[in-house]
Q: 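To start, I am sharing the structure in question, which I have written as structure tokens.
When reading the values below, keep in mind they use all heavy atoms of this one structure, side chains included, and skip hydrogens, waters and symmetry mates.
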Amino acid sequence: MSNKAKTNNFVVKIANVNGTGSASANGLLMKSIFRMGIPVTGKNFFPSNIQGLPTWYEIRVSKDGYLCRSGKVDFMIAMNAETYESDLADVSPGGFFLYDSTWARKGMMQRDDITVLGIPLSGMCNEAFESARAKVLMKNVAYVGALVALLNIDMGVVETLLNETFGSKPHLMEANMQAIKMGQTFALENFDCPLPLKLEPMDKTAGHVLVDGNTTAGLGAVYAGATVTSWYPITPSTSLIDAFSIFCKQLRVDPDTGKNNYCVIQAEDELAAIGMVLGANWNGARAFTATSGPGVSLMSEFLGLAYYAEIPAVLYDVQRVSPSTGMPTRTQQCDIISAAYASHGDTKHVLLFPADPTDCFHMSQQAFDLAEQLQTPVIVLTDLDIGMNDWMIPEIEWDDSYVPARGKVYDREALRNMDNFYRYLDVDGDAIPWRTLPGVDPKGAYFVRGSGHNKFGGYTEKSDEYKDVIDRLRRKFDTAASMVPAPVIDKATDAKANKQWAIVSIGSCDGAIREARDRLTASGIATLDYMRIRAFPFADDVANFILDYDHVFVVEQNRDAQLRQLLSNELSIDPNRLIPMLSYDGMPVSSDFIVDAVEEHIQQGRAA
Amino acid sequence: MSNKAKTNNFVVKIANVNGTGSASANGLLMKSIFRMGIPVTGKNFFPSNIQGLPTWYEIRVSKDGYLCRSGKVDFMIAMNAETYESDLADVSPGGFFLYDSTWARKGMMQRDDITVLGIPLSGMCNEAFESARAKVLMKNVAYVGALVALLNIDMGVVETLLNETFGSKPHLMEANMQAIKMGQTFALENFDCPLPLKLEPMDKTAGHVLVDGNTTAGLGAVYAGATVTSWYPITPSTSLIDAFSIFCKQLRVDPDTGKNNYCVIQAEDELAAIGMVLGANWNGARAFTATSGPGVSLMSEFLGLAYYAEIPAVLYDVQRVSPSTGMPTRTQQCDIISAAYASHGDTKHVLLFPADPTDCFHMSQQAFDLAEQLQTPVIVLTDLDIGMNDWMIPEIEWDDSYVPARGKVYDREALRNMDNFYRYLDVDGDAIPWRTLPGVDPKGAYFVRGSGHNKFGGYTEKSDEYKDVIDRLRRKFDTAASMVPAPVIDKATDAKANKQWAIVSIGSCDGAIREARDRLTASGIATLDYMRIRAFPFADDVANFILDYDHVFVVEQNRDAQLRQLLSNELSIDPNRLIPMLSYDGMPVSSDFIVDAVEEHIQQGRAA
Amino acid sequence: MSFIKKPKITHPGLPRNAAGLTLRDYEGAMSTLCAGCGHDSISSAIMQAYFELAIEPHRVAKVSGIGCSSKTPTYFLGGAHGFNSVHGRMPSIATGANAANRELQYIGVSGDGDSLSIGLGQFAHAIRRNVNMMYLIENNGVYGLTKGQFSASADRGSKAKKGEANPYSPIDPVLLAISLGCTFVGRGFSGDKEHLVPLIKSAISHSGFALLDIISPCVTFNDHEGSTKSYAHTRAHMRETVHADYTSVHEEIVSHVEPGEFKKIQMHDGSRVGFKRVDENFDPTDRIGAISYIESHRAKGEVVTGLLYLEESTSEMHHVLGSSETAMSELPYEKLNPGAQNLERIQARWR
Amino acid sequence: MSFIKKPKITHPGLPRNAAGLTLRDYEGAMSTLCAGCGHDSISSAIMQAYFELAIEPHRVAKVSGIGCSSKTPTYFLGGAHGFNSVHGRMPSIATGANAANRELQYIGVSGDGDSLSIGLGQFAHAIRRNVNMMYLIENNGVYGLTKGQFSASADRGSKAKKGEANPYSPIDPVLLAISLGCTFVGRGFSGDKEHLVPLIKSAISHSGFALLDIISPCVTFNDHEGSTKSYAHTRAHMRETVHADYTSVHEEIVSHVEPGEFKKIQMHDGSRVGFKRVDENFDPTDRIGAISYIESHRAKGEVVTGLLYLEESTSEMHHVLGSSETAMSELPYEKLNPGAQNLERIQARWR
Ligand SMILES: Cc1ncc(C[n+]2csc(CCOP(=O)(O)OP(=O)(O)O)c2C)c(N)n1
Ligand SMILES: Cc1ncc(C[n+]2csc(CCOP(=O)(O)OP(=O)(O)O)c2C)c(N)n1
Ligand code: SF4
Ligand code: SF4
Ligand SMILES: [Mg+2]
Ligand SMILES: [Mg+2]
């Protein structure tokens, strides 16, 4: 790539040890670039422990606004001697490798296709700072300083950011600035600054924000009118609940009474968490929980109850690498099947597939609306990549005229005006019955049960009565298909559109697919139409789209092609039409992966 | 049907109230017919409570040896006034309806296409017996007596059976005989005995036994060498563990020490039950548990651990009607998907599908052998119909030369002779690693974990190391497919075999399919080849069979066509080739259902 | 059980309570339990208590797990919403329901299997949160619905119907609850309605988690000789310590003070619970004392009954959480929506 | 933590125990916990105890749940098989493992989150079954691995790192265990290895379930001022009651009897545990007394440590079940196969 091409277009990856405070330095770096108007994203690869293990932060600067991993590393900041070797190997040819040269490192120079830069960061900081903690922390700030020079970061922006953070603590402000300057000075004095990878101000971030999806999902639940949450801590979902709690503390304390218009309960485990959510929804509150794979497994008995007894509930599953405990701090889309069919027996659940933090916000309202309208659990299948990484998204807009869709609930007056209330009757022919809330009127009283019940709500062990209800539940799923968000279909503008292949995917694959499509078109390999599915059950458009092509590539981040399975099974589509493209090593899927996979497939197809 | 046709060929159904002791009377009836050499089966439809609700027992007498429900009732013994109405409606035209005429029942005679017989059973027993309990119990024995006359049951056989039961309690023997005689005498005096439905001795039950599948499964586990079981009570699986315990008490107490060569632990819940099973298997014992749907949901987190950490385990899932608590005393095959993919993430389990109590016995050994050979959980998907109903099966044979296949376990000597032991290496190229048992040798020590691990058994968060193991696990499933029991394929003897349609099914549908095939052939509708799948993953023969036909009817007992889904997904078969035939009202599927469904489908096909 | 449905016609002469309702208005569907099951007596004591307290049935929410005991909420207070959840998980349903609407009354019905085995964790944590509810364990020492296996409350040595002796020591829900900080703990006997009704009324009036462990014989599987949860055994080994005497806010208090009463505690709702001391050595407001008393009598094979521990001063869950007085489910969306302006303010920090 | 791997070369001069092993032979992989984490000190006390007892590492099986604490079995006794199971469910793994092979020793490591929240039920039932194992709760009052949420052992009013006070009252594992009938209960402090090692040795020698609750500060999330599980707070509020002094079977007993010792209990394996009474008012063989002592000191904000309750006479799970002395996993198939003849005999009844 030419130097020109690398302006505002490269990946910086910082290798560090966790618990050494690198997060704030990396945030400073990200935000500086963002404030320079240049599109940027940050992905955090952290270990499942608290201190002392390798951690990486990958910043992609992309003038074209691509937010996914490209699959390349142009500049490695190697702060962790334990991973020097693999970090060195990770750098793409022509790239750069910066390390702490306080101690001489042998064998560092095996690669002659990259440029190695040594800065004695520890040495400088040990000298400059007193406290042990500062010596460690400031190393990180110092490499940011070096990058100011090496990448041509706007120093004014850096200063402003530091001021915003440390404005009230002048001694911290001073120390940080000192470290920045130290790094900057060393770089200016020793290297040819800026490097060919460099930044130039743009205006592409106006109207945008940098945020992770757990934050927007938590905030989205606040705006959806959720009042009760119960959860059990688990990576990577914990920060979603943290966000909800923090925003509630800011926005939901009654100014008159000082009392909370929300209720956050840390449960004793996931079974209790979902149980509380069901109890609260039954009783008329919008309630939700968040968890990850192991939690979904533990919740499955209760999810089956909610399906069968028709209790609304919202569950965010922030997916991580499975099976079992797996790699809790790595990403996958691996709970599609376990969520769609959670629980024994003939059970199905409504799923939403957000693609980014914007979706996490808006799908929160959709999830609660659908849960109450359909009287069933709605599972929002987000993932670690969306939930915990830093995404650049357009500012979220909010329409204050939003009114929660609470679905079919008879109030006191309606009850008084009717002869008899029966819980599970299909009054309106859409397979959705009416419900009532406890405490409203004795006439609304009914008995929720997970055991056999008939359409009146009575206990039954009679075959036909049981079947009547279970068949209506199946029909309710047809209604659901007509209500959930439709897929986003992106037809290639190219007139001679290719009807041989297209791409189908969900959620966080979106960014990588968009870039891959551009690259595939640009390289003349293929121009591919693309459908991003946003919900299960599948809207009609989903099958229509797929059947328009000889084959579709189903891109997803799990080993067993779970989306493909769901598509084939629920739409009766020949699985041979659905070509799996599976990235499941725990890293967010990269555009490289997709380009390579498509290219290989198409070339094989041509050869055959 | 002619009278002749009804000799040894009809269904008697007894409607009763549970807790009134009808079980022993019905057993007496069944066994009497069996001892007369006539093939017979009994199905028990009991409520999910202990006393006072309707219960039915359906006895099918079939000279041709059909063991399924036919879908008809020829003779209703109506002992429960609460269900008179529906019991009356249930009788097939031309059938009989016997009721307790102690109290006059109006509206009993609406049907003129059946014969109603009244016997004052309560009246007779109230007069004849002293104690309140005897008055209730003996009513049931008295209807058996009436049937002796009406159906022409061999009185000698009845007497022998009573002697075997009450030999040591002469007063009970006497009371029972008195009740039998009372019923018999009344019938002889008041009706034209025997009825057109009647019995004639045959010799078709020699070498056979009457038994339920939970009993044979529990016994099968004893013969498999299982030593540890932990379970939590749940209908309809409890009697499987009861059987294991009882047989162990009889067969596994060390004659020298009086100590138990087995360990039965009632767990505090299903999570603990499967946990104990994993702990015990890890430690080298053959251990198992049994449960039903809700238990599988609760076990799913641990099942994922066992899959990923490669721990053998055997789990019997005696399926019942779901979702949720559902109808605990009714049958379904509804946990196929939840068992095959139990747990979050990319998880798959080996399943066995027994069709009857014979399979329950032999598949117990297969399950333990496969679990240890493959080092993974094996789930035996049986159901309430197999597990709790009375089946006529050929006597089970046992080969004392059986040696449990314990799979790849390095012993002390092997360990001493190797340089290093690594738990998850694919040493033999079959994707099955070697394991070691605790306590044997320090060199065998390794750490079982559900978190990311590499092929050496070490903890990892590295993408390639993680993928290496998870990809081998996928390959292990290919090995599994080559080891599990092959399908039973029954080609129609008819030379001009039909390649348009065939039947594919699993488990307890077998009997109904066999009868339906005979009936379909006899009526000239279709002669259908038939494959009964016995295990998942699917052996090669499964796909080969299916692809031989334009379409196959997939007969199963659940709403969502779960077997069909598994076939399509795992074998990449076009779902449109697989025509679902779904019976899921909680009653064991009948041959009527299949005949009707096939006929309808074929006629539609012809019309189209 | 008979299959003839009871007519639901209210006799005009039936006594009415302050809410204008008769006892019939507190009935539910017909029981499907075994004739003589202890659980049915508890249901009738519950109806009596709510009738006497004149609480409108629809202001009560009934929750349960799975088991014969957990079926009973269908059989009382037909005008109340009910939730028959899954085995052992009723406490979480109750906690969530209570979080959503603190204005209703909650009655949780469970069994010894439901609460002490599969549900032990949830039971303990509901106590720890001091969820405002009455929690009944209908304790029969066995799993009734699954046909008579020992439960965790079965005493060591107690005999099963077929003669086998239970080898494990029991978990006593009363001791467990007190040691977990439960603020209202009592034990009753389904065969002793006279004492049970005031106990239930006191539990209802308690602010916080009120546990009643009620020995409730299973006539089908655990009422034989050798069982320590049979009617006969319980009658013979019951030791009443304190008889609770409930005085409602509305009643003239004086008329109900009886001689021999030694302590009177004002409940959160203004009503009073009086303790009539049966055993001089027992003080149900002394936590450590109560534990040792119960423990030492248990060691003697006695079953201590009555109101065993009461602490009215502590905070129930919503106090602890600082929740609004209005039920969450009643808050209008206008109070919940922070509005577009706030969203802008928040997003400003994300730049 | 440093990333440089320790060389596994045993220095020839290192002291060896009766099994001929050095302390290094009891080490495991390098810890990945935070520098200063209390859990690491416990691991080192465990190594020391096993070394002193001269138990061969491979005769021990290590099981744990999920959490920082539950990671530690990787860091000691590298020659022992280990099982890092799922969150809160270690007790069932241990119970099953023990059922399969009673001849090994079992050490279960758990955290306060792992045992007192998600795992409370399994913890309680392992106690009830008296599974023969040593069970350690590495108690830091928080969920370390998920970054510092309060656990159920956090004291009411204890402050989180960001200042928030915990509103719920704690579950004290020691009290809970004693009230559930646990037969060996002690409490230690990770910062006090001198007392911890003999406590661990005593627990190992106990036949049945031995619980050690070990206060183990989380330096990253719960070692600040205001925390009641910090090093400083624990040191200041610890009240040692009884100092356990372990005497192995092999040692000369007399030489170890010290003045001031008031009770000596013979353990199942023939070893002896001596109690050196620190507080005159305390008797660790008196169950009710122990409960009230611990309760009343807790009310004063004190953390009672030492060997708190011991009952050596009861039966562990296998005695209760009547299991064969040979491990289930060692029984040859010939002993398990009832043979074809028996099958015929059984089937005769099915005709
Ligand atoms: C998850 C699950 N496991 C097991 C069961 C089966 N089951 C139903 S009731 C019950 C025990 C009930 O015992 P208890 O709570 O004491 O109630 P009782 O019937 O004695 O009143 C069990 C184990 C179930 N319904 N769900
Ligand atoms: C089913 C499940 N839920 C949640 C988690 C996330 N999780 C991991 S460790 C932990 C808490 C650990 O706390 P504790 O047992 O006290 O151990 P510590 O880290 O404090 O030593 C949680 C909630 C999980 N791994 N599995
Ligand atoms: S089985 Fe026992 S607990 Fe259940 S209804 Fe009958 S008597 Fe009651
Ligand atoms: S977070 Fe706390 S408990 Fe975990 S390793 Fe660090 S100090 Fe120990
Ligand atoms: Mg019970
Ligand atoms: Mg902890």
Q: With a 3.5 Å cut-off and sequence neighbours excluded, list the donor-acceptor pairs that the side chains of residues 210-219 of chain D form with protein atoms.
A:
| from | atom 1 | to | atom 2 | distance (Å) |
| --- | --- | --- | --- | --- |
| D/D213 | OD1 | D/N139 | ND2 | 3.0 |
| D/D213 | OD2 | D/R187 | NH1 | 2.9 |
| D/S216 | OG | D/H39 | N | 3.0 |
| D/S216 | OG | D/H39 | ND1 | 2.7 |

Q: Does any non-hydrogen side-chain atom of A/Q266 lie less than 4.5 Å from one of D/Y168?
A: no

Q: Would you give the length of the straight line joining atom CD of A/E270 to atom NE2 of D/H87, rounded to the nearest 0.5 angstrom?
A: 7.0 Å

Q: Could you grab the distance from atom CG of D/L145 to atom OG1 of A/T235, nearest 0.5 Å is fine?
A: 6.5 Å

Q: Indicate yes or no: at least one non-hydrogen side-chain atom of D/N84 is less than 4.5 angstrom from one of A/T325.
A: no

Q: Under a 4.5 Å heavy-atom cut-off, does chain A meet the side chain of D/F150, its backbone, both or neither?
A: backbone

Q: Taking atom CD of A/Q250 as the centre, report whether more than 12 heavy atoms of other residues, nucleotides or ligands fall under 6.0 Å from it.
A: yes

Q: Which heavy atom in A/N49 sits nearest to a heavy atom in D/T32, and how many Å separate them?
A: ND2-O, 2.6 Å

Q: Which pair of heavy atoms, one from D/G144 and one from A/I50, lies closest together, and at what distance?
A: O-CD1, 3.7 Å

Q: To the nearest 0.5 Å, what is the distance between NZ on D/K147 and OG on A/S239?
A: 9.5 Å

Q: State, to 0.1 Å, how close A/Y232 and D/G113 come at their nearest heavy-atom pair, and which atoms those are.
A: OH-O, 4.0 Å

Q: Measuring from atom OG1 of D/T220 to atom CD of A/Q51, what distance do you get when rounded to the nearest 0.5 angstrom?
A: 5.0 Å

Q: If I measure from the heavy atoms of chain A, does D/I66 come under 4.5 Å with its side chain, its backbone, both, or neither?
A: side chain

Q: Check D/V86 against A/S324 and note the closest heavy-atom contact, atom names and distance.
A: CG1-OG, 4.3 Å

Q: Measure the spacing between CD1 of A/I241 and CD of D/Q149 and express it to the nearest 0.5 Å.
A: 11.0 Å

Q: Answer yes or no: are there more than 12 heavy-atom neighbours, outside A/K13 itself, under 6.0 Å from its atom NZ?
A: yes

